[in-house]
*Asks:* 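The structure is given below, and queries will be raised subsequently.
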Amino acid sequence: MKLKKILGLGLSAALALSLFACSGGNAASSEPPADDTPSASEPAGNTDSTPTPEGNEPSGEVINVGFAQVGHESDWRTASTKSAQDVFSEANGYALSFVDCDNDPAAQLDAVRSFIQQGMDYIIIDPIQATGWDTVLTECDEAGIPVIVIDRTVDDSDKYVAWVGSDFKVEGLACGEWLKAYAADKGITEINALVIEGSVGASATIGRTDGFKEIAEREGWNILASQSGDFTEAGGQEVMESYCQSYAGQFNVVICQNDNEAAGAMTAMDQAGIKYGVGGDVILVSFDANRPYVQMVCDGKINANFECNPMAAPTVDEIIKALEKGETPETEVYVSEQWFAAEDNVKTITVNGQEQEVIHVTQDVVDARPY
């Protein structure tokens, strides 16, 4: 039986009553599939070789899911898309309708409205921007279609049944706490940082910026500049080229809010003759921790990398299974995340009062990465 036929218009309000605050960015969740990451343009549902997860055998009635993805701007996004295509496959009892919204908020709203017209059983949204959602989510609610939000957050509506993702501010705080401990161990007494932010208005950008800024203000660090690189390699390179010209010889830390921006920043610093990473003049930090960039941590090119886990789909599958059984799922679920460093001088950090491990990256750690 399709859930939307029995939920009625009060679903979101009823489920919202069970909202609770989970612990920080290291809370446990389902284990993600350990697959290499293909192009985000790979056709949805291309999962003929994907085994059916234990306990998820299809009941015989296909569950139709629409997924409005941000785009394909980064390796992280590719991994997120691949996870959804693997989980919401025909073998697992799903029919997935996937739309790459190419970082266009209007296109994403149109995609969701198309899913409503198609009569989807569930809609998954990774919101490009945190606001502008109230009207279309009200339309989903009135149509009786449960919406599950992943990764980024929605700030202007509560008409969704669950959210699955990362605590972005915790990621930013962890970055700041690691930098504090690392600088103290190295005898670095002055921090002059340049920040390459993510896309303007994205909750990941807001959280990481706020978290790092909180530590910087507490410690009296100097943030020379903070500018958007739009979560892309080209954007990271463009911003870093400008920084190299405007702040030549003035900075000793570069914070990139995702791996692709870090790749662009490295290209710009290489061209400018600036040494970074272990033994360099500039401490380079990244977020996301995709396998190729954890390899760069292992190689000493990136000093530290703070994971943002893209594997939300297995947890979303659990939520849908609960809803299909008439159960009320948890409405806020944080995926598990880890912090990685090139050197073993900082073994733990304390974030929001919780001691958390910093993993010294060896080749074995890289080889074990699921994405």
Side-chain angles (χ1 to χ4, degrees), residues 20-29 151 153 163-198 203-223 226 252-259 262 277-278 282-290 293-294 297-298 300 302-311 332-362 365-366 368-369:
F20 70 98
C22 297
S23 59
N26 282 15
S29 73
D151 177 31
T153 59
W163 169 87
V164 180
S166 303
D167 191 324
F168 301 118
K169 185 173 182 180
V170 164
E171 294 173 358
L173 291 169
C175 171
E177 296 289 5
W178 172 85
L179 181 58
K180 173 193 172 184
Y182 182 83
D185 181 78
K186 295 292 185 180
I188 300 171
T189 58
E190 185 175 348
I191 296 294
N192 294 297
L194 294 169
V195 179
I196 303 179
E197 298 181 13
S203 57
T205 300
I206 295 168
R208 290 169 192 165
T209 300
D210 289 349
F212 181 74
K213 185 178 179 181
E214 181 176 315
I215 305 300
E217 290 179 348
R218 185 192 74 193
E219 297 300 319
W221 296 341
N222 185 19
I223 298 179
S226 191
N252 60 353
V253 175
V254 173
I255 306 293
C256 299
Q257 289 189 353
N258 84 335
D259 285 336
V278 176
V282 173
I283 300 167
L284 179 61
V285 177
S286 184
F287 290 83
D288 282 359
N290 294 286
Y293 297 89
V294 177
V297 176
C298 185
I302 297 175
N303 294 87
N305 204 324
F306 296 84
E307 182 179 31
C308 182
N309 189 341
M311 305 297 187
E332 187 172 285
V333 182
Y334 288 102
V335 293
S336 62
E337 298 183 327
Q338 297 174 310
W339 323 133
F340 301 94
E343 299 171 81
D344 62 357
N345 56 334
V346 178
K347 300 185 184 302
T348 63
I349 56 176
T350 300
V351 181
N352 286 338
Q354 295 184 351
E355 187 176 41
Q356 300 178 0
E357 180 185 11
V358 177
I359 297 172
H360 174 223
V361 178
T362 63
V365 171
V366 177
R369 295 293 294 147

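These numbers come from a predicted model, not from an experiment.
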*Asks:* If the condition is side chain to side chain contact (heavy atoms under 4.5 Å, CB included), which residues does Glu214 pass it with, not counting sequence neighbours?
*Replies:* Lys169, Leu173
*Asks:* Can you list the residues that meet the side chain to side chain contact (heavy atoms under 4.5 Å, CB included) rule with Ile359, with sequence neighbours excluded?
*Replies:* Gln338, Phe340, Glu357, Val365
*Asks:* Excluding sequence neighbours, so at least two apart, what forms salt bridge (charged side-chain N to carboxylate O under 4.0 Å, His left out) with Asp259?
*Replies:* none
*Asks:* Would you say Ile255 and Cys175 make side-chain contact, with heavy atoms under 4.5 Å?
*Replies:* yes
*Asks:* So, using side chain to side chain contact (heavy atoms under 4.5 Å, CB included) as the criterion, who are the partners of Lys186 when residues are at least two apart?
*Replies:* Tyr182, Ile188, Glu343, Asn345
*Asks:* How long is the span from the OG1 atom in Thr205 to the CG atom in Asn258, to the nearest 0.5 Å?
*Replies:* 8.5 Å
*Asks:* Considering only residues two or more places apart or on different chains, which pairs with a residue in residues 172-182 satisfy salt bridge (charged side-chain N to carboxylate O under 4.0 Å, His left out)?
*Replies:* Glu177-Arg218, Lys180-Glu219
*Asks:* With rounding to the nearest 0.5 Å, note down the distance linking CG in Asn305 to CG in Asn290.
*Replies:* 8.0 Å
*Asks:* Quick one: closest heavy-atom pair of Trp178 and Ala341, and the distance?
*Replies:* NE1-CB, 3.9 Å
*Asks:* Please report the C-alpha distance between Ile283 and Asn252 in whole Å, then the side-chain angles of each, then the deciding distance to 0.1 Å, and finally whether the side-chain contact (heavy atoms from CB on, under 4.5 Å) criterion is met.
*Replies:* CA-CA 6 Å; Ile283 300 167; Asn252 60 353; 5.9 Å; no
*Asks:* Checking Phe306 now: which residues fulfil ring pair (Phe, Tyr, Trp, His ring centres under 6.0 Å) with it, not counting sequence neighbours?
*Replies:* Phe287, Trp339
*Asks:* My understanding is that only residues two or more places apart in sequence, or in another chain, count here; which of them pass side chain to side chain donor-acceptor pair (under 3.5 Å) with Asn222?
*Replies:* Asn192
*Asks:* Check whether any side-chain heavy atom of Phe168 sits under 4.5 Å from a side-chain heavy atom of Ser203, and report yes or no.
*Replies:* yes
*Asks:* Applying side chain to side chain donor-acceptor pair (under 3.5 Å), name anything that partners Glu171, two or more places apart in sequence or on another chain.
*Replies:* Arg208
*Asks:* Any luck finding a side-chain donor-acceptor pair between Thr209 and Gln257 under 3.5 Å?
*Replies:* yes
*Asks:* Who pairs with Thr348 by side chain to side chain contact (heavy atoms under 4.5 Å, CB included), at least two apart in sequence or on another chain?
*Replies:* Glu355
*Asks:* With sequence neighbours excluded, tell me which residues meet salt bridge (charged side-chain N to carboxylate O under 4.0 Å, His left out) with Glu197.
*Replies:* none
